[in-house]
Amino acid sequence: MDKIPLSSVFLNDEISDACAAAIASGQYILGKECQAFEEELAAYTGTRHAVLSSSWTAAVMLLLQTMKLAPGDEVILPAHTAFPSVEPIIHVGATPVFVDVDDSYCMNPEQVSAAINLRTVGIMPVHLYGHPADMDAIQQLADRHGLWVIEDCAQSQGARHQHRVVGSLGTAGGFSFYPSKNLTVLGDGGCICTDDDRLAEGVRMLRNHGRKSKFTHEKVGYNLRFNEIQAAAGRVALRYLDQLNAHRRQVAAWYRERLAGLVTLPPERPWAEPVYHMFVIRTPNRDALADFLATRGIASGIHYPVANHQQPAITALYSDLPSLPNTEQLVDEILSLPIHGQMPLDEVEQVCDAIEAFLS
Ligand SMILES: *Cc1c(COP(=O)(O)O)cnc(C)c1O
């Protein structure tokens, strides 16, 4: 075990007690806790609906299926993101179109504009590392061309764009509760948030065997449901989300103070109130720095070392892939430093001491 971990799951007695109560309730799938969690997620995000599913990947796949994407339809997304961002697009038969990111690590709207053509149906901005993408520019492009916008909020739960919570800005937002994410549920989980009644209803049906009522199946669906024990945990964690995110911002401020001038720090755009899912620096000797940190018991990560348009799964499927110089360069330079909602100042100091020692 590393002395200083990359991230840490939020746990307390309230969470344990809520799980124990859910266990005692005798109801385990899509019951009262799930319904309350959905209502609280929608209220927090500022959308009419939140619909839980077993992961971000599942929820967004059901969403895209509800939106009836057809083969040949193109969806524009950044090449620099977690690989799952791409998967639901391909699973519903559409084609991912990769564009480059700018120095905020989010998709470059000029590149999006250049990639739009008659086959384009939607745009999937990713609020990577907890920093909101340039949603005004992206939404303007979507409006001009009649496209939908699905926000990938898996790393940005609680982040704000011009004071609005992400996931409420586009047609829908997808969230993940995977253990490293800002809001967690003691396992896998995810949801979509949307104001669109039809989309919410479609995902609700498909996640539960296409059921409209107990014995009426309107669609051929799946079992991609959510469960009561995890919803009980998530409801407690959601009440702490803003506090944990505020602490992440504090940790980022501590890093900035110590590391300014030593490494390239992540920018904050004027519209952004980021939630620092990751604190990602850039430095030319990235691999040597990671090794040096490891010798001091400090974990670090690379999110992500291979650009998605260069992944074997993608190059096997498509031949006309673009070259994306920013993405291709930054995957060799980025390093994620330890950060989480309860990281103490002295651990931040130890990480910074180690980086200083490495660079001198
Ligand atoms: C984690 C993550 C996902 C996938 O979430 P799951 O809940 O694991 O399916 C998608 N996009 C981004 C940007 C992520 O970080």
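Values reported hereafter were calculated over all heavy atoms of this structure, with side chains retained and with hydrogens, waters and symmetry mates removed. Both ligands and their constituent atoms are indexed starting at 1 by order of listing.
- Interface atoms of ligand 1 facing Ala82, defined by a heavy-atom separation under 4.0 Å, are 12 (C), 13 (C), 14 (C), 15 (O).
- The pair Arg164-Glu273 does not meet the salt-bridge criterion, since no charged nitrogen lies less than 4.0 angstrom from a carboxylate oxygen.
- Remark: distances from the non-hydrogen atoms of Ala58 to ligand 1 are all 4.0 Å or more.
- In summary, the aromatic rings of Tyr240 and Phe10 are positioned with their centroids under 6.0 Å apart.
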Exercise. Apply the test salt bridge (charged side-chain N to carboxylate O under 4.0 Å, His left out) to residues Arg258 and Asp353: give CA-CA distance (whole Å), side-chain angles for both, the deciding distance (0.1 Å), then the verdict.
Key: CA-CA 9 Å; Arg258 287 280 311 268; Asp353 290 345; 2.7 Å; yes

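- Of all protein heavy atoms, the one lying nearest to atom 5 (O) of ligand 1 is Trp56 CB, 3.2 Å.
- For Ser85, the heavy-atom gap to ligand 1 drops under 4.0 angstrom.
- At a 4.0 Å heavy-atom cut-off, ligand 1 touches Ala154 through the side chain alone.
- From the protein, the heavy atom lying nearest to atom 4 (C) of ligand 1 is Pro84 CB, 3.6 Å.
- Close contacts of ligand 1 with Thr57, meaning ligand atoms under 4.0 Å from a residue heavy atom, involve 4 (C), 6 (P), 9 (O).
- Atom 13 (C) of ligand 1 has as its closest protein heavy atom Asp152 OD2, 3.4 Å.
- The pair Glu40-Arg235 meets the salt-bridge criterion, with a side-chain N (NZ, NE, NH1 or NH2) lying under 4.0 Å from an Asp/Glu carboxylate O.
- Below 4.0 Å from some heavy atom of Gly189 lie the following atoms of ligand 1, by number and element: 7 (O).
- In the vicinity of Thr81, heavy-atom distances shorter than 4.0 Å reach the ligand 1 atoms 13 (C).
- Per-residue contacts place Val126 under 4.0 angstrom from the following atoms of ligand 1 (heavy atoms of the residue considered): 13 (C).
- Ranking the protein heavy atoms by distance from atom 7 (O) of ligand 1 puts Ser176 OG, 2.7 Å first.
- The shortest heavy-atom distance from His127 to ligand 1 is not under 4.0 Å.
- Asn223 and Asn208 share no donor-acceptor pair across their side chains, judged by distance under 3.5 Å alone.
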Quiz item: For Arg269 and Asp103, what are the C-alpha separation, side-chain angles and deciding distance, and is it a salt bridge (charged side-chain N to carboxylate O under 4.0 Å, His left out)?
Solution: CA-CA 10 Å; Arg269 296 291 193 240; Asp103 71 347; 2.7 Å; yes

Practice problem: For salt bridge (charged side-chain N to carboxylate O under 4.0 Å, His left out), just list the numbers for Asp197 and Arg48, CA-CA rounded to whole Å, side-chain angles, deciding distance to a tenth of an Å, and then say yes or no. | Solution: CA-CA 8 Å; Asp197 300 347; Arg48 283 169 59 80; 2.9 Å; yes

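- Only the side chain of Lys181 comes within 4.0 Å of ligand 1, judged by heavy-atom distances.
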Exercise. Quick one: do Val275 and His131 satisfy side chain to side chain contact (heavy atoms under 4.5 Å, CB included)? Show the steps, please.
Key: CA-CA 7 Å; Val275 291; His131 184 288; over 6 Å; no

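- A centroid separation of less than 6.0 Å is found between the aromatic rings of Phe177 and Phe37.
- The ligand atoms of ligand 1 that sit less than 4.0 angstrom from a heavy atom of Ser55 are 7 (O), 9 (O).
- In this structure, atom 15 (O) of ligand 1 lies nearest to the protein heavy atom Gln155 NE2, 2.8 Å.
- When ring centroids are compared, His163 and Trp271 stay outside the 6.0 Å threshold.
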